[in-house]
2 protein chains.
Amino acid sequence: MILENEANPVKQPTILDVAERAGVSKSLVSLVMREPERVSDTSRAAVLAAAEELGYRPNAVARSLVQRRTMVIGVVLSDLHNPFFADVADGIEEAAFQSGYRAMLSSGFLNPKRERGAIDTMLDLRVDGLIMLGSMMKVSKIEKVAAALPVTLLGRHTRSKALDSVGADDSAGAQEAVDHLVSLGHSKIAHIHAGTAAGAPRRRSGYEKAMKRHGLSAHIRSVRGAFTERGGAQAMTEILESGDVPTAIFAPNDFAALGAMEVIDAGGFDIPGDISLIGYDDLTLSRLPRIALTTIGQPRVDLGREAVHLVLERLDENRDSARHVVVPPSLVVRSTTGPPRDDVS
Amino acid sequence: MILENEANPVKQPTILDVAERAGVSKSLVSLVMREPERVSDTSRAAVLAAAEELGYRPNAVARSLVQRRTMVIGVVLSDLHNPFFADVADGIEEAAFQSGYRAMLSSGFLNPKRERGAIDTMLDLRVDGLIMLGSMMKVSKIEKVAAALPVTLLGRHTRSKALDSVGADDSAGAQEAVDHLVSLGHSKIAHIHAGTAAGAPRRRSGYEKAMKRHGLSAHIRSVRGAFTERGGAQAMTEILESGDVPTAIFAPNDFAALGAMEVIDAGGFDIPGDISLIGYDDLTLSRLPRIALTTIGQPRVDLGREAVHLVLERLDENRDSARHVVVPPSLVVRSTTGPPRDDVS
DNA sequence: AACGGCTATTGGAACGTTCCACAGTGTTGG
DNA sequence: CCAACACTGTGGAACGTTCCAATAGCCGTT
């Protein structure tokens with residue numbers, strides 16, 4: 001008895017095995033797999049039967065080699081834990097599948113070095129296009145990657161000539177947030193900003209623009225925070241300790257809003273009685289009843305779909321100039337916003 | 001002027017281009033890429049310089065074809081949104097990378113058909129091994145896949161002879177939950193169970209076992225719920241409406257606990273004053289101060305690492321019998337559990 | 001009877017690597 | 001001074017497909 005010493009449990013059948021069994025040439029088997037209608041009924045049946053019996057499965061590696069296409073779109077997410085990206089990835093997988101492509105994901109672990117590694121892996125595997133979700137790398141580095149294949153940046157704005165991008169209109173979203181608060185009667189509306197992080201500057205300028213539009217320039221107040229729970233908490237602490245407490249807070253995203261919420265709760269203030277709070281992103285957890293955060297939602301699945309289209313335009317329609325797509329966000333009203341206590345303060 | 005009509009922005013250089021430029025054979029270039037120390041200093045320098053100038057990057061597709069190995073471990077997650085899987089995936093990527101492999105993720109969208117599609121993609125791409133996170137497919141179908149490559153099931157128990165598995169000890173975790181409640185003085189402890197869903201039966205039997213061990217057989221009470229917010233809410237509603245309200249609830253997971261929490265809150269009961277609540281899984285959101293759920297945590301990153309090792313044992317060490325690894329869970333105490341109001345009821 | 005035009009099928013080259021047997025070229029030691 | 005051996009480097013086969021030009025067979029037309 002001879003022991004099988006292969007690492008692989010079973011050697012998989014190749015197109016030649018199928019051809020031999022069906023009594024035809026390998027070319028015909030290949031044709032049956034790709035364009036069955038172009039083969040005679042008898043041959044097709046024989047090939048299909050042989051393939052079935054052997055459990056044949058075309059080797060995508062070999063196919064990719066000769067076609068110089070993998071039909072795979074690589075997706076590098078900066079953070080697997082961010083539920084926002086999960087929704088976007090859904091849209092990406094969906095759209096890719098419908099166009100005959102498949103999506104493969106890899107995580108960057110919120111770390112530019114590891115993100116670089118993830119990209120290299122994708123490049124080695126010769127994916128046909130790349131979508132970067134919330135990348136933390138420098139645009140100039142990403143542009144170098146874009147010289148080799150179509151790259152779309154998602155959730156981050158750029159004016160790059162080499163790169164496509166798709167994102168929500170952060171300025172418009174911020175203005176919607178302010179409009180909502182003003183319509184409730186607020187005027188002392190403070191903003192926690194997240195510095196120069198992706199999307200943060202536009203949210204801040206949208207806030208300022210809307211405040212001016214409502215004649216509230218005097219009340220503009222931006223406090224430095226970050227896109228994290230901690231950043232939101234620190235900024236909120238600073239605001240409370242200043243003694244001058246606004247009636248409403250516009251946080252740069254939901255995580256920061258959550259941090260602010262904790263500090264407001266701990267300070268003995270009521271939300272929204274004393275302070276209204278609005279976030280940005282509409283995380284899944286923001287709709288939990290105990291949280292019930294009013295926020296600005298982004299059309300996540302659409303974002304994913306749009307990103308795939310941008311890649312495919314370059315791949316299948318030879319577009320070679322950059323496109324930057326902007327989609328509108330929308331307000332989601334829940335329980336953390338309401339009219340200020342003293343309408344006439 | 002001739003227009004470049006290629007779909008690919010730039011044709012990537014091959015090993016032959018590098019060889020020509022460096023004035024050596026392709027074999028030598030290959031050797032420099034794989035075992036640089038076996039090449040003379042001058043040749044190595046020449047090859048490296050040529051590769052650098054050309055921006056050469058070995059084609060993993062071609063390499064995989066000849067080596068019949070892709071050095072990729074496929075990970076099929078049943079749901080990208082489940083933060084539990086995100087942590088596990090971290091462990092997987094980490095461990096795979098350290099062993100020279102790379103992990104590629106794909107989502108099954110909580111749908112057995114699409115999960116099947118994700119697996120087929122992985123199989124076509126000839127990944128070397130497969131890890132399934134919280135799969136929704138029948139074990140018998142997965143066993144067929146396991147005939148072609150090493151497969152590890154994570155977060156789901158099986159006694160399969162063809163498949164490896166790794167999971168936390170759900171029975172032990174459930175017992176820890178009960179032990180904790182009993183040590184606080186509870187005796188009327190009800191359990192919301194999730195039927196036959198993955199892991200649910202063991203959590204239920206662990207609950208019953210612990211109750212018996214504490215001489216509380218008379219108080220055993222399992223109400224049908226599910227692994228979702230909604231399922232938890234429905235079961236909790238049923239419990240409250242029964243008139244016989246226990247002093248503590250052990251939910252089958254954190255999502256269900258969240259649902260129960262909403263119903264308890266809405267019913268005007270205090271947590272943990274009137275009712276203590278304990279979940280299972282330790283989701284990231286469970287540690288938000290407004291939630292602060294006491295729960296049973298699983299060593300997620302370790303689970304991921306262990307899954308990779310199981311795959312690699314088959315791949316690199318030729319193991320061919322199934323292994324089922326169980327890791328112990330641990331209690332995480334937060335604010336939803338406390339002593340019952342009337343210690344002497 | 002020869003030919004043109006179909007349709008169905010085939011063999012071989014190509015894709016970009018790795019792997020292996022082998023060929024030079026010194027160097028060492030008997 | 002030559003056999004043995006390291007050390008470097010090379011050419012060709014192989015991996016499993018797709019693609020393309022070529023062929024075989026058949027039918028109808030002149």
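To find a chain, count down the sequence lines: A is the first, B the second, and so on, and within it residues start at 1.
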Integer-rounded Å distance: [N] [atom2] and [X] [atom1]:
X      : N      : atom1 : atom2 : result
B:D17  : C:dG16 : CG    : C1'   : 10 Å
A:L125 : C:dG16 : CG    : P     : 16 Å
A:E35  : C:dT9  : CD    : P     : 14 Å
B:I15  : D:dG11 : CD1   : C1'   : 14 Å
A:R69  : C:dG16 : CZ    : C1'   : 18 Å
B:L65  : C:dC19 : CG    : C1'   : 13 Å
B:E20  : D:dG11 : CD    : P     : 13 Å
A:N59  : D:dG16 : CG    : C1'   : 6 Å

Is any NZ, NE, NH1 or NH2 atom of the basic residue among B:R305 and B:E94 found under 4.0 Å from an Asp or Glu carboxylate oxygen of the other?
no
Taking the basic N atoms (NZ, or NE/NH1/NH2) and the acidic carboxylate oxygens, is any pair closer than 4.0 Å for B:R102 and A:D124?
yes
If you check every side-chain atom of [X], which of [options] has the closest atom?
X      : options                : answer
A:R68  : D:dT18, C:dC19, C:dG16 : C:dG16
A:Y56  : C:dC19, D:dG16, D:dT17 : D:dT17
B:R126 : D:dT17, D:dT18, C:dT17 : D:dT17

Rounded to the nearest 0.5 Å, what separates atom [atom1] in [X] from atom [atom2] in [Y]?
X      : Y      : atom1 : atom2 : answer
B:L315 : B:L310 : CG    : CG    : 12.0 Å
A:S43  : A:R38  : OG    : CZ    : 13.5 Å
A:L80  : A:L133 : CG    : CG    : 10.5 Å
A:L154 : A:M132 : CG    : CE    : 10.5 Å

Axial bend angle, the helix from C:dA1-D:dT30 to C:dG30-D:dC1: five-pair end segments, nearest 10°:
60°
Provide the closest heavy-atom pair for B:E143 versus B:K161 in the form atom of the first, atom of the second, distance.
OE2-N, 4.3 Å
If I compare all heavy atoms of B:S78 with all of B:F85, which pair ends up nearest, and what's the gap?
OG-CE1, 3.3 Å
Under the side-chain hydrogen bond (donor to acceptor under 3.5 Å, both in side chains) criterion, do A:Y101 and A:R69 qualify, and how do the steps go?
CA-CA 10 Å; A:Y101 284 78; A:R69 279 208 153 196; 2.8 Å; yes
Between N or O atoms, less than 3.5 Å apart, protein on one side and nucleotides 7-10 of chain D on the other: list the pairs.
{"unit_1": "D:dG9", "atom_1": "OP1", "unit_2": "B:S40", "atom_2": "OG", "d": "2.8"}
{"unit_1": "D:dG9", "atom_1": "OP1", "unit_2": "B:S43", "atom_2": "OG", "d": "2.3"}
{"unit_1": "D:dG9", "atom_1": "OP2", "unit_2": "B:S40", "atom_2": "N", "d": "3.2"}
{"unit_1": "D:dG9", "atom_1": "OP2", "unit_2": "B:S40", "atom_2": "OG", "d": "3.3"}
{"unit_1": "D:dG9", "atom_1": "OP2", "unit_2": "B:S43", "atom_2": "OG", "d": "3.4"}
{"unit_1": "D:dT10", "atom_1": "OP2", "unit_2": "B:S25", "atom_2": "N", "d": "3.0"}
{"unit_1": "D:dT10", "atom_1": "OP2", "unit_2": "B:S25", "atom_2": "OG", "d": "2.9"}

Does a side-chain N or O from B:Q67 land closer than 4.0 Å to OP1 or OP2 of D:dC15, or not?
no
Under-4.0 Å side-chain N/O to phosphate OP1/OP2 contact, A:S30 with D:dT18
yes
